[in-house]
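Below, all heavy atoms of this structure are taken into account, side chains as well, without hydrogens, waters or symmetry copies. Predicted, not measured: the structure shown is a model, and the values here were computed from it.
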Amino acid sequence: MNRRFYSTALLLALLVGFFACEEGETPIQNSFDRGEMLENMAQNLIIPAYTDLQTRVGALESSAESFTQNPDVNSLQSLQAAWEAAYSSWQYANAYNFGPAGEEGIRRSLLEEVGTFPVSEEKIENAITGTANFNDFNRDARGFLAVEYLIFETGNSNATVVEAFASQNRKDFLLGAVADIERRVTEVLSAWNSGYASEFTQNRGTDVGSSTSMLYNEFVKSFESAKNFKLGLPLGRRPGQTQAEPQLVEAWYSGTSTTMLKEHLQAIERIWQGRGGQGQNGPGFREYLQSVEGGAALIEATEAQMTAVKAALEALPDSPPLSEQIQLAPEPADRLHTELQKQTRFYKSDMSSLLGISITFSSGDGD
C-alpha cells in the first residue's frame, strides 16, 4: 500500500473517531469483546506458555542434578540440550511481564530476573568462589544466561567444561541458579492458576493498569527488546555505541542466538494473531483492530511489513552463530534490523492511537 495513502487514511480515521467520541472515550469501536480476547490470551497463550516453561525447566533441573552427580561429556550434552529446550520455551513466555511476573518491591520483572543478558562472567565467578545470592541486584549473574555461561563457555571443549566442574562450588552454583529459575517460574504459573487468570480476564478496560493495557505494552516492549537488544546492541546500533559488539548477542556461549531470535519473533506474531502454541485460534490484537475505524488499513499495512520482516528473517542463516555473522558478513542481520525498525511504528505508534491505549514505557528509541 502506498505509504502516503495509508498515512492519509489513518489520519482521517483518527479524526472521525475523535469527533464521534465523547471526551475521555476511546475511538469508535464495534462490539468487540475485550474479555473474550483476554480469556483467549490467558487460557491459550499465557498459561500454556508458562506451563511448558515449567516442565522444561524441571527437566533442566533434573539434567543439572544428573550432571553434577556424574560430570562427563555425555551428561553435559544432555544438560546442554535441556537448557536449549528450556530457553527456547522461555521465548514464548517472556512477553508477559505483568501481574505475577511483574515488579514488586526489589524484585524486578521475571524477564529481568531470569533473562538478563549479557551476563557478567566476573560476578558469576566471584559468586562461585564466595557466597551465591540469587536475590540481590546482580541480575547479570543469574538466570538462564548465567547457566548457559557455565555449561557452554565459548572457546572451550566440552571436556574442559567437565573438568571445571570438579569444583563443588561450581556444582553448587549451577544447581542454585537452576533452582532459582524453577522457583520463580513456578511462582508465576501458580499465581495464574490460583486466581490471577480470573482477575486478568475481568479487568476489561483500556486505562493504565488494565489487563489490555498491560498486555499491549508488554507485547510492544517484547518486540522492541528483540529489535533493540537481540540485534541492535550487537550490531552497534544502540545510542552511545560507535561500533559493532558481536559478543553482546543473546545466547552467545551456546551459539543459538539466531534460533532464539526466530522463536521470539514467532511468539510476538502469535500474540498479534491470538493463536496458541497448539494452533488454537481466538481473538488477538488483529481482531481488536478490526473493530475500530481505520483498523482494516492498519492491519493491511502491519501485515505487509510483517511479510518483509519474515523474508529478512529467513535470509538470516542459522549458521555460523550470529556473533560471527555480525563480524564477517553483517548485511543479513542489518537488513533484518531495518525491517524490524519499520515494523515499530505499526505496533507502537499507530496501534496505540487507534486503540486508545497509552504507551507506558520508554524504550529510548525515539520512535
_Ignoring hydrogens and geometry beyond distance, is a side-chain donor-acceptor pair present between E199 and N203 at under 3.5 Å?_
no
*Does a donor on one side chain sit under 3.5 Å from an acceptor on the other, for S210 and S213?*
no
*Check W272, F32, F223, F219 against F285 for a ring-ring contact (aromatic ring centres under 6.0 Å, His included) and give me the one that passes.*
F219
*Return yes if a side-chain donor-acceptor contact under 3.5 Å exists between E287 and S291, otherwise no.*
no
_Closest non-hydrogen atom pair, V161 against I151_ = CG1-O, 3.9 Å
*Donor + acceptor pair across side chains of S257, E250 (<3.5 Å)*: no
*For E245 and Q241, does a side-chain donor sit closer than 3.5 Å to a side-chain acceptor?*
yes
_If only side-chain N and O atoms count, and only distance matters, is there a donor-acceptor pair under 3.5 Å linking N158 with Q80?_
yes
*Without hydrogens or angle criteria, can the side chains of S75 and D72 be said to hold a donor-acceptor pair below 3.5 Å?*
yes
*Dump the intermediate steps for ring-ring contact (aromatic ring centres under 6.0 Å, His included) on W192 and Y96, then the final yes or no.*
CA-CA 11 Å; W192 274 94; Y96 308 122; 7.6 Å; no
*Where A141 and K123 come nearest, the two heavy atoms and their spacing*: CB-CB, 3.8 Å
*Is it true that the side chains of Y92 and Q266 contain a donor and an acceptor less than 3.5 Å apart?*
yes
_Is there a ring-ring contact (aromatic ring centres under 6.0 Å, His included) between F144 and F117? Walk through the geometry before answering._
CA-CA 9 Å; F144 281 111; F117 74 92; over 10 Å; no
*asked:* Does either side chain, that of T344 or that of K227, offer a donor lying less than 3.5 Å from an acceptor on the other one?
replied: yes
*Determine the sole option in R142, R107, R183 for which the salt bridge (Lys or Arg N to Asp or Glu O under 4.0 Å) test with E113 is passed.*
R142
